[in-house]
Amino acid sequence: RGSRDGALSESGLRADEPVREDESLPSYYLPKKQLPTMVAVAKDAAKNEIASFSAKASKLKHEGDVFFVQKRVGEALVSYEKALRLSLSGSEEKAALHANRAACYLAQNKLSLAVSEATAALENAPTWKPALMRRAKALEQIGHNEKAAADYERAFRIDGNEETRRKMITAKTNAAKEKEKSKKELRGLGPGSGLTGGANRRPVDRRAALLAQQQAAQQQRQLEQRNAPTLTLAVTFDGSLKNFTVPLASVTYLQILAAAKSAFTEKLGDNEHIALKFLDPEGTLVTVTSRSDLRYALAASQSLAARTAAASGAPQAAPDSLVPVRLEVVVVDRTPSETPDQITPANVGSPDSSPSDGDPPAEDVIEIDEWLLTFAALFRKHLGVAGETSGPLDLRVVGLEKCCEALEEAVGTDEAKGLLKSAADKFQEAAAAAVFNWGNVHVCASRKLVDTSEPAEISGAGGEQNAPSEAALKTAATRHMARIDLEFESAVARYVQALAIKPDFYEASIAWGQQAFERGKVTHVASKEPFDASLALETDKMFALSLEKFAESLGMIPTEEAVSTSETGDQDNAQASVPEEGLSLKSQILVLWGNVLFERSQVKHHRDPSIDGAWRLDCVDAVKKFTDAGCVTGDIVRALMNHTSGVWAEEKDAAAAAAGGK
């Protein structure tokens with residue numbers, strides 16, 4: 001990881017620092033006169049950061065513009081809001097973003113919000129014509145023609161546009177008519193005028209135009225809902241299949257449940273309760289209780305269709321097409337209640353609320369590390385009075401030079417030394433994780449090749465299928481071996497890079513071992529018929545590499561994770577049913593290690609089935625790893641009963657072997 005001083009000197013913050021007489025002393029402990037370029041460097045860094053923010057804001061603005069053109073107004077509002085957070089106060093950039101949000105609210109017929117956004121734009125740039133025009137339009141539709149005319153006149157004086165002049169005259173005419181009507185209402189007309197005669201007159205409804213516009217917008221929304229995309233549900237019960245179509249954007253779980261029950265009225269009793277289930281990609285029946293589950297069911301149906309097409313050689317469906325969602329009706333004692341869909345808040349996308357109403361717009365959750373918060377407080381302390389204000393600091397108000405000087409002083413304190421070390425560790429871990437995840441992309445690509453090679457009759461069958469079948473491995477080895485090798489090598493290259501960045505990044509070592517194991521299984525199947533000695537040798541190398549990486553991983557894990565479930569001191573409880581996610585990290589590695597030994601014993605048995613072959617030793621070692629990991633005895637027994645040798649096919653023999661026999 002390097003020394004603390006080295007990490008600081010490599011950060012780039014002191015690239016222009018003069019050569020020091022005492023190289024062993026960190027730069028931030030030197031007198032201020034020995035750092036003549038620090039303020040200039042900090043200023044450049046601050047300017048670069050501001051430029052970076054501006055570039056990000058510009059990208060988000062462009063994203064919002066695209067959404068707006070596509071009439072995805074809600075998403076455009078969110079993009080503009082994110083861009084606003086990165087733009088400087090008093091800039092035309094900020095004015096343009098507020099003006100664009102005003103255009104969005106105009107499109108949604110939320111006129112008051114449009115006026116507010118346009119006003120905010122003009123506070124940043126008083127002569128920003130788009131903001132004037134949009135505020136005038138909103139005011140005009142509300143019925144404030146006099147104010148609208150004033151905005152149109154300001155806009156006309158900016159460039160003298162003839163269209164703007166025409167709108168200004170129209171607004172002034174309407175404002176004059178409005179005043180005249182108001183006067184007539186006050187004094188009455190002709191005989192019978194006054195309080196008595198005027199009382200029988202209908203008052204002028206200044207919001208009539210607004211009401212008409214709102215009704216038109218409501219009709220437009222209803223039209224869009226009628227033209228919205230639909231989803232076909234293929235529902236089966238008791239050998240019967242019924243297809244029906246539902247609106248994709250608005251259908252609820254309860255509506256689907258009612259439709260399914262109605263479709264099979266002749267087979268279901270009035271008081272019978274039902275549940276809707278679907279097969280996930282692993283072949284497990286999952287109960288639908290929410291729209292989120294329905295999206296998962298759609299993804300599972302799409303995956304099954306892709307695997308079936310790949311196995312049969314049929315053309316793949318178009319990327320934007322939706323295959324029918326396969327659901328099964330199951331009679332239950334009690335109908336499952338609806339699970340609230342937590343993915344999207346109820347108000348988001350609602351025609352009656354903006355993303356600023358109620359809950360904030362959905363966005364990534366940002367976790368701020370403790371060292372950063374502590375350093376921020378330290379920085380504010382060195383700012384003096386300017387840092388005592390609540391809320392975010394505005395660099396334009398505080399002054400860039402003052403901020404740079406305060407930053408220089410804060411970095412030079414003893415308190416900052418430990419914080420900067422924490423920052424270096426965090427950035428090191430983040431860099432390693434980024435490269436590690438890059439490698440995982442190649443892993444996913446490789447696994448996809450195997451998954452889509454699964455025969456349709458297997459991939460569509462019920463029951464659990466946690467690992468690819470031998471048929472899938474054989475097909476993948478025949479059709480995609482070169483691609484699988486390429487993805488494996490690319491993933492390993494990233495894992496090596498991650499470990500170079502952070503030598504104790506055990507996640508990369510574990511993943512490396514698992515990928516070697518999976519590749520070894522593919523090469524073994526490829527080597528069987530006809531027997532290929534070179535592929536058999538490659539299989540042995542992959543299994544050996546996998547074991548080596550799991551052994552290395554055990555030496556990297558933190559001390560608090562280096563205790564297996566069987567070492568907790570309560571062996572009786574260790575034999576209870578423990579879910580895999582409940583195992584300690586050491587136990588999980590031991591399970592993976594045992595899996596490799598167990599599979600290698602089956603490979604060796606295939607090559608040499610003699611009763612005293614080398615395969616038996618691997619199987620004994622595998623059982624020991626499973627036991628050390630704290631695995632449930634029953635699970636070990638079932639694994640032995642399924643061993644391809646058939647030696648432990650009887651439960652009593654498998655139980656004896658699991659207990660330490662042979």
Side-chain angles (χ1 to χ4, degrees), residues 1 428-429 432-433 435-437 439-440 442-443 446-447 467 488-524 536-568 574 578 580-605 613-631 635-636 639-640 643 657-658 660:
R1 298 178 182 175
Q428 181 193 40
E429 185 173 357
V435 178
F436 166 71
N437 287 326
N440 287 343
H442 294 289
V443 171
S446 178
R447 287 176 176 168
F488 172 77
E489 291 168 1
S490 299
V492 168
R494 299 306 167 199
Y495 295 154
V496 170
Q497 190 176 358
L499 288 166
I501 295 171
K502 192 176 190 313
D504 60 349
F505 195 73
Y506 57 82
E507 291 93 335
S509 183
I510 294 173
W512 189 349
Q514 183 63 17
Q515 291 320 298
F517 173 46
E518 293 181 10
R519 184 172 180 271
K521 290 195 291 185
V522 175
T523 56
H524 166 62
L537 180 60
E538 184 68 14
T539 300
D540 294 341
K541 288 181 179 178
M542 287 295 102
F543 285 162
L545 176 61
S546 179
L547 296 176
E548 175 187 335
K549 292 303 167 186
F550 290 144
E552 288 179 1
S553 303
L554 282 179
M556 298 179 185
I557 61 177
T559 305
E560 62 271 16
E561 291 280 4
V563 178
S564 68
T565 305
S566 65
E567 295 171 341
T568 58
V578 180
E580 185 175 343
E581 61 270 19
L583 296 175
S584 69
L585 181 56
K586 178 179 180 180
S587 292
Q588 293 179 45
I589 296 174
L590 290 174
V591 170
L592 295 174
W593 194 336
N595 287 339
V596 179
L597 291 168
F598 190 87
E599 183 67 23
R600 190 170 72 173
S601 75
Q602 296 188 114
V603 170
K604 289 182 177 180
H605 178 269
W615 62 268
R616 183 182 285 271
L617 294 176
D618 275 345
C619 196
V620 170
D621 288 343
V623 170
K624 186 176 187 307
K625 296 299 179 189
F626 294 148
T627 303
D628 290 345
C631 293
D635 291 343
I636 301 175
L640 289 170
H643 195 278

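Below, each value reflects all heavy atoms present in this structure, side chains not excepted, and no hydrogens, waters or symmetry copies.
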Any side-chain heavy-atom pair from [X] and [Y] closer than 4.5 angstrom?
| X | Y | result |
| --- | --- | --- |
| C619 | L640 | yes |
| V492 | Q515 | no |
| L554 | L590 | yes |

### Task
For residues A508 and A498, report the shortest heavy-atom separation together with the two atoms involved.
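Distance-wise, the nearest heavy atoms are CB-CB, 4.2 Å.
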### Task
Write down the atom of V591, the atom of C631, and the distance for their closest heavy-atom approach.
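Heavy atoms only, the tightest pair is CG2-SG, 3.6 Å.
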#### Entry: Distance, nearest 0.5 Å, that separates CG of L499 from CG of D504
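Those atoms lie 9.0 Å apart.
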### Query
To the nearest 0.5 Å, how far apart are CD in Q497 and NZ in K502?
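Going from CD on Q497 over to NZ on K502, the span is 15.5 Å.
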### Query
Which residues pass the side-chain hydrogen bond (donor to acceptor under 3.5 Å, both in side chains) test with H605, sequence neighbours left out?
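Checked H605 against side-chain hydrogen bond (donor to acceptor under 3.5 Å, both in side chains); zero matches.
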Counting only N and O atoms by type, is there a donor-acceptor contact under 3.5 Å from the side chain of [X] to the main-chain atoms of [Y]?
| X | Y | result |
| --- | --- | --- |
| T627 | V623 | yes |
| Q428 | I501 | yes |
| S601 | R616 | no |

Taking only residues two or more places apart in sequence, or in another chain, which ones meet [X] in a side chain to side chain contact (heavy atoms under 4.5 Å, CB included)?
| X | result |
| --- | --- |
| E548 | L545, E552 |
| E538 | R519, T523, K541, M542 |
| V596 | F517, F543, S546, L547, F550 |
| K604 | R600, A614, W615, D618 |

### Query
Salt-bridged, D621 to K625, with N to O below 4.0 Å?
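Salt bridge flag = no for K625 with D621.
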### Message
Applying ring-ring contact (aromatic ring centres under 6.0 Å, His included), can you list everything that pairs with F436, at least two apart in sequence or on another chain?
### Response
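By the ring-ring contact (aromatic ring centres under 6.0 Å, His included) rule, F436 matches Y495, F505.
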